[in-house]
Amino acid sequence: MTTVTYTIPAISCGHCPHTIETEVWELRGLQSVKADEATKKVEITFDTPANEATIKALLAEINYPAEGLITL
């Protein structure tokens with residue numbers, strides 16, 4: 001199991017975390033996803049077949065691109 005935390009500068013309102021959590025949760029292998037409006041961060045825990053590249057690609061696709069990896 002891997003946990004990553006990304007900065008997501010595009011988080012601007014209370015709807016944004018809900019959208020991120022709903023969309024990312026659909027990836028196979030996800031264990032948890034928690035986005036926070038105040039910190040503009042999302043913490044994601046996953047196993048295979050999910051991976052960092054897939055998660056970052058999905059975030060970009062839904063217009064919430066990850067700016068940087070905080071922790072791995």
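Values in this document were obtained by computation on a predicted structure and should not be read as measured data.
Interatomic distance, Ile44 CD1 to Trp25 CH2, rounded to the nearest 0.5 Å: 11.0 Å. With values rounded to the nearest 0.5 angstrom, Lys40 atom NZ is found 10.5 Å from Ile8 atom CD1. Distance check, rounded to the nearest 0.5 Å: CD1 of Ile11 to OH of Tyr64 gives 7.5 Å.
Residues Val42 and Thr5 fail the side-chain proximity criterion, which asks for heavy atoms closer than 4.5 Å. In this structure, the side chains of Glu43 and Val33 stay at 4.5 Å or more apart for every pair of heavy atoms. The side-chain heavy atoms of Leu59 and Val24, taken from C-beta on, include a pair separated by under 4.5 Å. Using a 4.5 Å heavy-atom threshold, the side chains of Lys56 and Tyr6 count as touching.
Under the side-chain hydrogen bond (donor to acceptor under 3.5 Å, both in side chains) criterion, Thr45 pairs with Thr3, Ser32, sequence neighbours left out. Looking at residues two or more places apart in sequence or on another chain, you find a side-chain hydrogen bond (donor to acceptor under 3.5 Å, both in side chains) between Thr39 and Asp36.
Between Glu37 and Pro17 the shortest heavy-atom distance is N-CG, 3.8 Å. Across every non-hydrogen atom of Ile62 and Glu23, the tightest pair is CD1-CB, 3.7 Å. The heavy-atom pair separating Met1 from Gln31 by the smallest distance is SD-CG, 3.7 Å. Across Ala10 and Cys16, no two heavy atoms sit closer than the pair O-SG, 4.0 Å. Residue Ala53 comes nearest to Asn51 through the heavy atom pair N-OD1, 3.1 Å, listed as atom of the first residue, atom of the second, then distance.
Side chain of Thr54 to main chain of Ala50: no donor-acceptor pair is present (N/O by atom type, distance under 3.5 Å, no hydrogens or angles).
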